[in-house]
Each structure stands twice: as structure tokens, then as C-alpha cells.
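On a predicted model such as this, the values are computed, not experimentally measured, just so you know. Side chains are part of it too, since the values below use all heavy atoms of this structure and drop only hydrogens, waters and symmetry mates.
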Amino acid sequence: MLPKNRRLTNEEIETVIRKGVTNHTPFLYIKSLLNNSENTSFTVVISSKVNKKAVVRNKIKRQIRAFLIRKKGQFKNGYNIVFITKPGVTNIKLEDLQSAILYLLSKNKII
RNA sequence: UAAAUAAUCCAGAUGAUCGCCACCCUUCGCAUGCUUUGCAUGCUACGGGUGGAGGAAAGUCCGAACACCAUUGGUCCAGCUUAGCUGGAUGGGUAAUUGGUAACGCCAACUGGCUCUAGAGUGAUCCAGAGUCAAGACAAGUGCAACAGAAAAUACUCCUUCCGCCCUAGGCGGAUAAGGGUGAAAUUGUCAGAUAAUUAGCUGACACGUUAGCUUGGUGACAAGCUAAACGAGGUAAACUCUACUCGGUGAAAGGUUAAAUAGGUCAAGCUUAGCUUGACGGGUAAACCGCUUGAGCUCAUGAGCAAUCAUGGGUCUAGAUAGAUGAUCAUCACUUCUCGCGUAAGCGAGGAUGACAGAAUUCGGCUUAUAAGAUUGUUUAGACU
RNA sequence: UGCCGGAUCGUCUAAUGGUAGGACUCUGGUUUUUGGUACCAGCUAUCUAGGUUCGAGUCCUAGUCCGGCAG
């Protein structure tokens with residue numbers, strides 16, 4: 001789990017989704033926004049349309065967060081980032097998900 | 001013994017490392033206050049300690065607690081002798097009985113119906129066990145019943161049967177409901193009489209059943225028995241309806257405390273005096289905090305009760321997040337299963353899988369649905385032995 | 001979190017508890033030199049599982065999926 005200062009609150013998520021810059025892959029997309037602070041914060045959004053079971057949704061959240069914690073030394077500071085999943089994310093392999101995350105972050109020049 | 005199925009129990013254990021949440025403690029730092037060099041409170045950081053999902057947390061199908069709103073009692077309308085009555089219109093829910101409960105559509109016991117199995121009996125039937133039942137009323141009224149059938153309900157006559165006439169292929173009229181046939185369903189049965197005639201509740205007797213009354217037993221549903229110059233009444237209420245009982249609305253995004261901002265308001269001061277500025281009060285939005293976890297709690301013992309459950313006493317505190325914590329990896333043991341190798345076999349060794357359903361969101365009581373492996377019990381089937 | 005509504009041929013849409021109908025589509029045939037049009041015939045459905053009933057698309061219960069509303 002991410003520490004509290006690296007998470008986003010409800011308001012921040014809404015502003016990021018409304019004003020952020022979007023980048024897509026077939027099963028995942030991100031919205032990012034500069035926040036003028038020392039930290040880069042993340043959150044993961046999974047709709048109940050992706051899967052009806054909360055256990056499956058929590059597992060995907062944990063997989064993404066664990067990968068972000070492992071890579072946290074490489075990030076630039078000062079971004080708010082929201083990961084939003086699409087239906088189909090449950091069927092792919094873990095390596096594909098991780099490479100998609102790296103692709104999206106590098107495309108935004110955060111890494 | 002094996003398999004299937006149903007119910008109940010259980011929902012791997014120990015240790016290490018890396019992370020997350022809550023609370024507590026030590027130290028350092030910062031801020032505020034004070035009796036001023038220390039103490040108190042708060043916050044941040046490092047470190048340490050303790051605790052951290054379920055039997056269904058799920059579905060949201062019922063019920064309750066709690067909070068606010070409305071309010072003379074389900075709702076609406078009207079009236080008046082106006083704080084309680086009357087009248088009218090109009091809904092939702094439940095349904096044998098008794099008990100339990102905060103309450104329930106839940107639970108327990110019991111009664112009755114139906115189904116299955118075993119036993120007794122020539123048989124009707126009786127009895128035991130298991131399962132199951134939205135199990136008030138169709139004998140208040142209304143409605144409905146396709147096709148088939150003569151007829152689907154204040155009855156009726158297709159074939160057959162009986163009588164009379166024409167006259168003998170058959171037709172006409174009358175009688176009957178025993179038999180046939182149709183259908184999911186067809187007007188209780190036996191005997192005798194009456195009749196032109198027969199196997200007609202048309203009449204009588206008996207049996208069966210229903211209803212009513214009485215007696216006995218039971219808290220009661222009900223059971224057993226008796227009586228009737230009462231009756232023979234088809235089905236359907238998960239059809240309308242009737243009867244009895246019962247029911248305010250909104251949901252923790254309820255609501256409460258503090259409170260930036262904005263509009264409009266009151267007061268005071270100052271300045272130019274149509275007014276403006278500042279401050280205070282009040283106002284109440286964002287936000288924060290509370291609500292929030294000590295509760296119809298868990299557990300043990302004793303007692304009451306057939307049981308559900310209740311009473312008394314002892315012990316105990318056991319998640320509280322806010323886009324949402326409770327996770328990941330490794331090792332060992334336990335457990336089941338799969339693969340490979342060795343072995344006649346028992347077994348041994350190596351490797352893999354932890355096995356299912358599934359994640360708190362105000363809290364409880366139920367119901368429903370989903371559940372791998374293992375354990376216990378019941379039922380069914382198959383096999384072996386006696 | 002709370003609360004509503006719906007599910008019928010491939011698509012759209014009917015059906016009072018009593019043979020699931022129609023339109024478009026599709027398939028085959030006739031007409032035409034061919035295609036279209038027209039005509040004829042055919043294929044194809046009650047979301048799932050139980051119950052009530054003689055008999056459920058319809059009534060009741062449970063589940064699955066879809067859609068909507070509040071804030």
C-alpha cells in the first residue's frame with residue numbers, strides 16, 4: 001500500500017480527471033497533472049464494470065501499487081497521476097500490465 | 001466398504017523479512033500557554049510495542065435500534081359539542097395452534113393434510129419413521145374453466161337400458177342415471193318400496209361424509225364419543241373478494257458541534273455624508289471533528305423449559321478505513337491431490353499446487369444465494385461377509 | 001449507500017392463465033433475359049431454476065443480466 005502522502009484525496013482525483021493529460025493503452029489509461037509539490041502521488045481507479053467481485057478489483061489495485069512502490073526512486077516529483085482501468089484488464093498477464101505502466105509513464109516524461 | 005446426496009462443524013499452524021491502518025510509549029524538533037529554562041497541550045519525524053475481515057462481510061428480501069421530520073394513530077378528505085370523537089373514500093403486509101423474541105414474513109414445539117419407506121392385515125385400513133406444505137374462508141357474493149364431451153353447474157341425456165305407438169331398416173314420444181364414452185375435474189354408497197316399466201333421494205332404513213350442538217381430554221389448534229323432523233353443498237382465493245391481526249415518512253449522504261467564503265441584516269467607530277471603509281454580533285456554505293464502535297456483545301458455569309429461548313453469577317474487551325487499511329515473499333510442519341523415478345507390493349525419493357466461495361463502510365436479529373479439502377450424522381444405490 | 005424498472009424469433013413489437021401472432025431480415029420457389037418489385041412456402045423466440053394450477057410468456061419465490069434515479 002502506498003504511504004498516505006503519496007495517495008490522492010477525493011477532490012484531487014476529480015481535478016486530475018477533469019484537467020489532466022490523457023494517454024491510452026488498450027486496457028489502461030492515465031491522467032496526469034502538475035501539482036507544484038515535492039511528491040508524486042498516485043491512485044488507481046477500477047470501475048465495478050471491470051469486474052463485479054471486489055476481491056478481483058482489490059487484487060489489480062495491489063498489483064499496480066506494488067509495482068509503483070518498487071519503481072518509486074525513478075519518478076520525477078510534482079505530479080498527480082490517476083490510473084484508470086478498462087474492461088479486459090482482468091485477462092492480461094502481469095508483465096504486460098507492468099510494461100504498459102512503464103510505457104505510459106515514460107510517454108508523459110515522468111520517468 | 002465405496003459412490004451420490006442433504007444437514008451441521010471447520011475455514012491450516014508457526015517463524016522471518018518488506019509494506020499499510022489504528023491506538024499507546026520513548027526521544028528530538030516546532031507552535032501555543034503559564035507560576036519562564038521547566039511544566040502542560042497540540043503537531044511532525046525516527047524508533048519500539050499491541051491489535052487488525054466473514055460464515056456468509058455478498059444479495060438488499062424482511063425486521064429492529066438510532067437520528068431527524070410529520071403526527072390522534074395505515075393514508076386522504078370533511079365535520080364538530082376541538083386535543084378527542086364522528087362520518088366518508090381508499091391502500092400495503094401477514095394467515096392452522098401455542099410459545100419465544102426488541103421485532104419479524106424468523107425460530108421452536110405441537111396439530112392436520114400430502115408423498116415415500118418398513119411392518120401388520122384377504123382387504124378397507126392401522127401403526128412407526130423420514131420428507132414436505134403461503135395450512136383462514138368457495139356453506140356470503142362475483143368471476144373463470146381452452147380442447148374433448150350430451151352436459152363444466154339454479155344442470156343435462158350421445159350410446160346403452162326400460163315402456164308405449166308407428167311398424168319392424170328404423171322412426172316418434174315418454175322414463176332412467178346402474179353401465180359405456182370424454183375430460184384435470186361429472187353430483188356419496190347399499191338394500192327395499194312406489195311406478196306402465198328398470199339398479200331413479202321420489203320415499204324409507206342403514207353406512208359414509210359435512211355442518212351445528214353437547215360430553216370427555218388438551219392452554220389451544222384438535223382428538224374421541226353422542227345427538228339432530230340439519231344437510232349431501234363439485235374445483236379455483238400464489239382470481240376479485242370477505243374475515244382476523246397489523247402498518248407514519250426519510251435514511252448515517254440521518255443528524256450534531258465548530259466554522260473560512262458569499263448575499264442580505266443589526267450595532268459601534270471613522271471618513272466623505274444619496275454613501276463608503278473597518279470591527280463586532282448574527283447568519284450559515286465549503287471543510288474539519290463527532291456520530292464510529294461497550295453492544296438486544298462474546299464466553300464459562302448453574303438453574304427453568306420437550307425445545308426455541310430465558311434468568312442468575314463469574315470472566316473478558318476483540319477492526320474502524322475514507323477512492324477506502326488488514327497484503328506480498330520465503331522456510332518448516334500438517335493435509336489432500338497431481339506428475340516423474342525406483343519397487344512384485346507395502347512404500348521411498350524429487351517437484352508442483354494451499355487449494356473453495358469470497359473483502360467490513362452506522363449497528364444488530366433473521367432469510368436467501370455461493371462455497372475446495374477434511375470431519376460427523378442421516379438417506380439412497382452398488383458390492384462383500386454372516 | 002439507498003431506491004426503481006425491464007428481459008418474447010437475428011432486430012422491433014403483440015398476446016384476458018387455454019394452439020406464442022405480426023412486421024423487417026434470412027432460406028427456398030414462382031414471375032423476369034438478369035436484378036429489383038410482387039406472390040407462395042419455410043426457418044427462428046418467452047433470461048434461468050423452483051412452486052401454485054388440469055394447464056404458466058402471464059401468478060408467486062429465488063437467482064442472472066441490463067438500464068435508470070437520488071446525492
Student: Does G201(B) sit syn or anti, given that only angles within 90° of 0 count as syn?
Tutor: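 Here the answer is syn: the torsion falls within 90° of 0.
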
Student: Just confirming the chi classification of G55(B), syn or anti, using 90° around 0 as the syn window.
Tutor: syn

Student: Please enumerate all residues that pass side chain to side chain donor-acceptor pair (under 3.5 Å) together with Y29(A), with sequence neighbours excluded.
Tutor: none

Student: Can you tell me how far C1' of A323(B) sits from CD1 of I64(A), to the nearest Å?
Tutor: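 I64(A) atom CD1 is separated from A323(B) atom C1' by 14 Å.
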
Student: In Watson-Crick or G-U wobble terms, both distances under 3.5 Å, what is the partner of C340(B)?
Tutor: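 Matched C340(B) with G349(B) under the 3.5 Å cut-off.
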
Student: Tell me, please, which residues at least two apart from N58(A) pass side chain to side chain donor-acceptor pair (under 3.5 Å).
Tutor: none

Student: For U157(B), does the O4'-C1'-N9-C4 or O4'-C1'-N1-C2 angle fall within 90° of 0, making it syn, or is it anti?
Tutor: anti

Student: CG of N58(A) versus P of A58(B): gap in Å, rounded?
Tutor: 14 Å

Student: Pick out the pairs of N or O atoms, protein on one side and nucleotides 327-330 of chain B on the other, that lie under 3.5 Å.
Tutor:
residue: G327(B); atom: O2'; partner: R62(A); partner atom: NE; Å: 3.4

Student: Between Q63(A) (CD) and C20(B) (P), how many Å, whole number?
Tutor: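 These atoms are roughly 19 Å apart.
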
Student: Hey, is A53(B) sitting syn or anti, using the within-90° cutoff around 0?
Tutor: syn

Student: What integer number of Å spans the P atoms of A7(C) and A89(B)?
Tutor: 37 Å

Student: Would you mind reading off the distance between R65(A) atom CZ and C21(B) atom P, rounded to a whole angstrom?
Tutor: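 Answer to the nearest Å: 11 Å.
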
Student: For V44(A) and R65(A), work out which heavy atoms get closest and say how close.
Tutor: CG2-CG, 4.4 Å

Student: Could you tell me which nucleotide pairs with A307(B) by Watson-Crick or G-U wobble geometry, both distances under 3.5 Å, or answer none if nothing does?
Tutor: none

Student: Both distances below 3.5 Å, Watson-Crick or wobble geometry, any strand: find the nucleotide opposite C214(B).
Tutor: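 The base-pairing partner of C214(B), which may sit in any strand shown, is G225(B).
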
Student: Using both distances under 3.5 Å as the test, list the Watson-Crick or G-U wobble partner of G57(C), or none.
Tutor: none

Student: Is there a Watson-Crick or G-U wobble partner for A323(B) with both distances under 3.5 Å, and which nucleotide is it?
Tutor: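 Here A323(B) is not engaged in any pair, so there is no nucleotide opposite it.
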
Student: For K61(A) and A54(A), find the nucleotide of RNA chain B closest to each by heavy atoms; which residue's nucleotide sits nearer the 5' end?
Tutor: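 Result of the comparison: K61(A).
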
